[in-house]
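For clarity, every value in this text was computed on a predicted model and none was experimentally measured. Numbering of residues begins at 1 and proceeds along the displayed sequence.
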Amino acid sequence: MTPRPESSGPPPEHPADQRRTEPPAPARKKKSAKKATTQPADSRAAGAMGVPPLERSRERGRVGAGGTRATPSATADPKRTTVGRKTARTTPAAPKAPVPEKTPQLAPPEAELAVSPALDADDRDRLLHGTHHAPHSVLGAHRVPGGVAFRAFRPYARAVTVVSGGMTVDLHDDGDGFFSGLLPLREAPAYRLRVVYEGTELETEDAYRFLPTLGELDLHLIGEGRHEELWTVLGAHPMTHQGVTGTRFSVWAPNARGVRVAGSFNFWDGTGFPMRSLGSTGVWELFVPGIGEGELYKFEITRPDGSKTLRADPMARRTEVPPATSSIVTSSRYEWGDAQWLERRAEVPAHRAPLSVYEVHLASWRPGLTYRQLAEQLPAYVKDLGFTHVELMPVAEHPFGGSWGYQVTGFYAPTARLGTPDDFKYLVDALHRAGIGVIMDWVPAHFPRDEWALAEFDGRPLYEHSDPLRAAHPDWGTLEFDFGRREVRNFLVANALYWCEEFHIDGLRVDAVASMLYLDYSREPGEWTPNEHGGRENLDAVAFLQEMNATVYRRVPGVVTIAEESTAWDGVTRATHHRGPSGFGGLGFGLKWNMGWMHDSLEYMSHEPVHRRYHHGEMTFSMVYAYSENYVLPISHDEVVHGKRSLVSKMPGDWWRQRADLRAYLGFMWAHPGKQLLFMGQEFAQGAEWSEAHGPDWWLLDPHYGAEADHRGVRDLVRDLNTVYRASPALWQYDTEPAGFRWVTGDAADDNVLAFLRYDADGSPLLAVSHFAPVVRHDYRVGVPDDVPAWHEALNTDAARYGGSDVTNPDPVKPEPQGWHGLPASIRLTLPPLATVWLRPA
């Protein structure tokens with residue numbers, strides 16, 4: 001029985017040029033030695049080169065079956081040589097790019113029984129329809145009985161020739177873009193393909209002659225969901241493989257019947273670029289020679305039902321500018337200049353260091369600026385105002401600008417709206433060189449349903465949960481990640497590391513944590529399923545957040561993770577290995593947004609001063625739980641959009657009172673335990689809500705504008721708040737420890753007064769007094785310690801340079817031995833209207 005050619009049977013882990021072949025069929029007995037030596041001259045010449053004589057090729061099944069033409073090197077006899085049923089002229093190969101190997105040695109006449117090299121119908125059909133799992137097992141060069149079979153799949157080609165050393169072999173056109181030929185070689189040689197299309201000819205490497213580019217360890221880690229550098233193995237990576245430059249494409253699509261690469265390099269027709277499946281990992285891979293940076297691409301996936309879908313790369317590190325959706329082959333050449341910053345940032349934990357944050361929406365801070373243009377302006381502005389960090393609203397690629405970046409499709413790609421990934425690195429580097437840390441909003445809770453992105457990526461729920469009740473996010477029309485699937489957790493954990501390691505991000509503010517933690521979040525009874533213990537906690541999300549935080553803190557010293565979590569979940573900032581009263585280990589975050597403080601304090605400030613006495617507890621309640629977590633006090637973008645009004649516009653009264661209230665509130669905020677965050681535009685009392693379409697109203701600071709001094713005064717206050725704050729360890733060193741705070745008076749509701757002491761590690765105090773009534777209070781007695789000989793004003797939000805009435809305490813204030821507010825001494829102050837005063841030991 002004639003042996004069949006190789007098919008897709010061998011397992012994909014055996015590379016094409018190392019795969020075992022079928023045992024060779026025994027050669028037929030030669031008629032006689034004399035017979036073999038008395039051939040015609042032409043046949044003897046062919047036999048001298050190792051090509052079987054004509055009668056042997058007929059007897060054994062057509063060497064060169066399918067019409068192969070073999071052309072050896074120019075040193076051979078220039079006579080015509082008959083091989084199979086075709087005639088070949090032994091002329092030299094055309095001068096093309098050299099193949100390093102020498103001309104391959106042909107097999108002797110005793111070669112094994114030859115077979116047809118053409119693909120069988122099943123392999124042809126699967127390749128044509130994009131459902132072949134192992135194209136490398138049938139395409140390329142393979143050792144088969146009778147020699148080496150060459151097979152190429154080049155749709156639209158007129159002719160394909162194999163070029164190896166000084167030999168060329170024209171392959172037979174088998175139809176539908178398939179070409180094949182058989183040479184009686186001992187082993188598969190290094191070779192190139194010369195492909196003729198209508199009107200053009202090119203010589204290229206054959207993508208199907210290369211070993212897999214992913215190693216066994218990579219595949220093992222991917223299968224376990226533990227590959228912490230996933231971005232280095234999946235996606236598109238320009239590289240040199242087996243001495244050839246090109247790009248490796250790899251993607252996780254376990255439900256796909258087949259995957260092909262389509263892009264600008266093949267006119268978006270992936271038919272001739274099928275990928276191979278690497279075992280049971282669900283990963284598909286293809287090394288495409290000659291493809292480099294700048295090429296656009298997507299993955300053409302054949303779904304389980306046989307339909308096709310064209311998808312952007314989930315691991316793409318660069319994308320087209322929206323609304324275009326293609327992924328782009330890229331590699332980084334950026335050279336960082338922030339080594340000193342990275343060395344210093346791990347010296348003090350974030351919760352024991354000064355941390356005041358300026359929140360920025362990059363696309364609208366200065367509309368129209370690129371990353372590199374922002375790098376010329378943003379660091380200088382933030383440094384001048386004294387903030388220690390910026391927090392960037394989501395930078396990862398997103399299709400709809402109106403989502404502000406919170407509906408991500410390109411989790412590994414900085415948005416192309418503002419430049420390239422290296423351009424974004426330039427911005428981060430510039431901020432670091434200015435002494436400013438970079439926190440980035442990160443959105444692992446959900447993703448949009450765009451048909452070219454993650455939703456049902458390979459035809460079935462993959463990144464989202466398979467249970468529709470768990471998959472659909474009830475508030476935003478998006479899909480929630482399946483945190484229980486190890487590959488999805490790996491995708492997200494590696495993504496967190498990617499931003500920290502590749503872009504030197506100093507902190508991740510994790511968005512919408514509450515929506516991840518609770519199965520019944522925004523769901524009515526019957527719309528959610530309890531966990532295995534009958535509770536409403538999402539145990540998969542808990543495990544994911546713990547793994548993410550533990551991994552980030554282990555691998556990237558000095559980075560801080562921050563949770564936007566709006567509930568009373570126990571242990572958000574507790575270590576993951578410490579169990580709390582609820583039985584759960586901590587989530588492992590470094591800091592948590594104090595949403596309760598934000599809502600309560602803004603509610604208090606919105607009341608007329610005459611009514612504030614009835615809401616006094618809204619300003620003091622935060623100290624009941626202030627040390628249950630490590631907190632950030634956020635006045636974020638969410639509080640100044642969608643009808644909530646800007647920060648200054650939340651204040652009651654006329655323009656003067658609004659600004660005075662704002663200044664007093666900022667003074668109270670900067671003195672309160674916790675880190676500070678202020679959204680752009682609020683630093684100069686912008687009156688309008690923020691809009692991503694035009695950004696902050698910078699014209700308010702134009703010297704030609706009549707009220708410019710009012711806005712500049714608030715900005716000057718913010719600068720001074722940050723300056724005094726950074727110089728006063730009492731305001732940040734013990735933010736998370738009760739020893740750093742003491743109430744002086746928290747119950748002076750009728751006076752609208754709040755006073756407290758802050759202490760640093762050495763016990764040095766700072767006294768903060770906030771007065772939220774529009775009157776002046778003279779000789780207001782405040783209790784103080786008796787070991788401070790005198791106090792002086794470090795900051796007064798009513799100062800004239802801030803736009804206030806300039807009611808101050810200009811001289812040092814000496815304590816009197818009269819005890820007050822439970823303290824052994826007291827001082828008498830003049831309290832300005834609607835103002836906060838800070839005093840330090842003189």
Check each of W284, F491, Y463 against W252 using the ring pair (Phe, Tyr, Trp, His ring centres under 6.0 Å) test, and report the only one that passes. Y463
Counting only heavy atoms not in R158, do more than 12 sit closer than 6.0 Å to its CZ atom? no
Should V360 and Y358 count as side-chain neighbours, where that means a heavy-atom distance under 4.5 Å? yes
For G235, is there any backbone N or O sitting under 3.5 Å from a side-chain donor or acceptor partner on H237? no
Would you find a donor on one side and an acceptor on the other, under 3.5 Å apart, between the side chain of H220 and the backbone of E216? no
Hey, does L230 have a side-chain heavy atom less than 4.5 Å from the side chain of M315? yes
Can you see which heavy atom on P379 is nearest to which on I436, and at what distance? O-CD1, 3.4 Å
Quick one: closest heavy-atom pair of A541 and M516, and the distance? CB-O, 3.1 Å
For the backbone of G590 and the side chain of Y553, can you confirm whether one donor and one acceptor N or O come within less than 3.5 Å of each other? yes
Output all residues satisfying side-chain hydrogen bond (donor to acceptor under 3.5 Å, both in side chains) with T281, sequence neighbours left out; order by chain, then residue number. none
Can you see which heavy atom on W404 is nearest to which on P394, and at what distance? O-CD, 3.6 Å
Check for a donor-acceptor pair, side chain of S264 on one end and backbone N or O of L296 on the other, with a separation under 3.5 Å. yes
Evaluate the side chain to side chain contact (heavy atoms under 4.5 Å, CB included) criterion for residues F265 and F273: first the C-alpha distance (whole Å), next the side-chain angles of each, then the deciding distance (0.1 Å), finally the verdict. CA-CA 11 Å; F265 49 88; F273 291 76; 4.2 Å; yes
Give a yes or no on this: more than 12 heavy atoms of other residues, nucleotides or ligands lie within 6.0 Å of atom NZ of K308. yes
Is there a side-chain contact between M275 and F299, using heavy atoms and a 4.5 Å cut-off? yes
Rounded to the nearest 0.5 Å, what separates atom CG in L217 from atom CD1 in I222? 9.5 Å
For Y334, what residues pass the ring pair (Phe, Tyr, Trp, His ring centres under 6.0 Å) criterion, not counting sequence neighbours? W336
Quick one about E502 and W231 (side-chain donor to acceptor, distance below 3.5 Å, no hydrogens or angles considered), yes or no? yes
Please indicate whether Y156 has more than 12 foreign heavy atoms, meaning atoms of other residues, nucleotides or ligands, lying under 6.0 Å from its OH. no
Measure the CE-NE2 distance between M393 and H361 for me, rounded to the nearest 0.5 Å. 5.0 Å
Are any of the side-chain heavy atoms of R154 and T204 separated by less than 4.5 Å? yes
Worked check of side chain to side chain contact (heavy atoms under 4.5 Å, CB included) between H446 and L479: CA-CA 5 Å; H446 62 123; L479 295 170; over 6 Å; no
So, taking the atom named CD in E456 and the one named OG1 in T309, what distance separates them when rounded to the nearest 0.5 Å? 10.0 Å
Indicate the ring-plane relationship of F287 and H241, choosing parallel, tilted or perpendicular according to the 30° and 60° boundaries. perpendicular
For R226, look at atom CZ and say whether over 12 heavy atoms of other residues, nucleotides or ligands are found less than 6.0 Å away. no
Would you mind checking if R509 and E359 are paired as a salt bridge, meaning a charged N to carboxylate O distance below 4.0 Å? no
Between S636 and D638, is the side chain to side chain donor-acceptor pair (under 3.5 Å) condition met? List the steps. CA-CA 5 Å; S636 73; D638 274 332; 4.5 Å; no
Are the side chain of T551 and the backbone N or O of E547 linked by a donor-acceptor pair below 3.5 Å? yes
Could you label the plane-to-plane angle of the W341 and H389 rings as parallel, tilted or perpendicular, counting under 30° as parallel and over 60° as perpendicular? perpendicular
The reported gap from CG in L362 to CG in L427 (rounded to nearest 0.5 angstrom) is 6.0 Å
Pick one: which of F179, Y208, F178 meets ring pair (Phe, Tyr, Trp, His ring centres under 6.0 Å) with F153? F178
What I want to find out is whether R248 reaches E285 closely enough, with some N-O distance under 4.0 Å, to be called a salt bridge. no
Backbone N or O of G477 within a donor-acceptor pair of the R449 side chain at under 3.5 Å? yes
Measure the shortest side-chain to side-chain distance between P448 and F400 over non-hydrogen atoms and say whether it is less than 4.5 angstrom. no
Step by step, would you call V438 with F503 a side chain to side chain contact (heavy atoms under 4.5 Å, CB included)? CA-CA 10 Å; V438 181; F503 292 92; over 6 Å; no
Can you confirm whether D506 sits close enough to H432 that some side-chain heavy atom of one is under 4.5 Å from a side-chain heavy atom of the other? yes
Does the pair W476 and S515 meet the rule for a side chain to side chain donor-acceptor pair (under 3.5 Å), with working shown? CA-CA 11 Å; W476 303 312; S515 74; over 6 Å; no
Verdict with reasoning, T420 to D422, per side chain to side chain donor-acceptor pair (under 3.5 Å): CA-CA 5 Å; T420 68; D422 276 2; 5.7 Å; no
N/O donor to acceptor pairs below 3.5 angstrom from side-chain atoms of residues 321-330, sequence neighbours left out:
| from | atom 1 | to | atom 2 | distance (Å) |
| --- | --- | --- | --- | --- |
| T325 | OG1 | K298 | NZ | 2.7 |
| S326 | OG | E320 | OE1 | 3.0 |
| S327 | OG | D313 | N | 3.0 |

Give the intermediate values and the outcome of side chain to side chain contact (heavy atoms under 4.5 Å, CB included) for residues Y498 and R317. CA-CA 10 Å; Y498 171 73; R317 291 166 294 130; 3.4 Å; yes
Salt-bridged, E480 to R470, with N to O below 4.0 Å? no
For F457 versus A253, what's the shortest heavy-atom pair and its separation? CE2-CB, 4.3 Å
Kindly indicate, with the supporting measurements, whether the criterion salt bridge (Lys or Arg N to Asp or Glu O under 4.0 Å) is fulfilled by E397 and R318. CA-CA 9 Å; E397 193 59 271; R318 184 181 174 191; over 6 Å; no
Strictly distance-based, threshold 3.5 Å: is any side-chain N or O of R486 a donor or acceptor partner for the main-chain N or O of G223? yes
Under 3.5 Å: donor-acceptor pair, side chain of T247, backbone of A236: no
Minimum side-chain heavy-atom gap V283-L234 below 4.5 Å: yes
All heavy atoms of R260 vs all of L127, minimum pair found to be NH1-O, 3.2 Å
Can you find a heavy atom in the side chain of Q377 that is under 4.5 Å from one in the side chain of W365? yes
Closest non-hydrogen atom pair, L286 against A207: CD1-CB, 4.2 Å
Where the side chain of R311 meets the backbone of E451, is there a donor-acceptor pair that is under 3.5 Å apart? yes
Does N490 use its side chain to pair, donor to acceptor, with the backbone of E487 at less than 3.5 Å? no
How long is the gap from NZ on K425 to CD on E335, to the nearest 0.5 Å? 11.5 Å
Run the numbers on D450 and T409 for side chain to side chain donor-acceptor pair (under 3.5 Å), then give the verdict. CA-CA 8 Å; D450 299 72; T409 49; over 6 Å; no
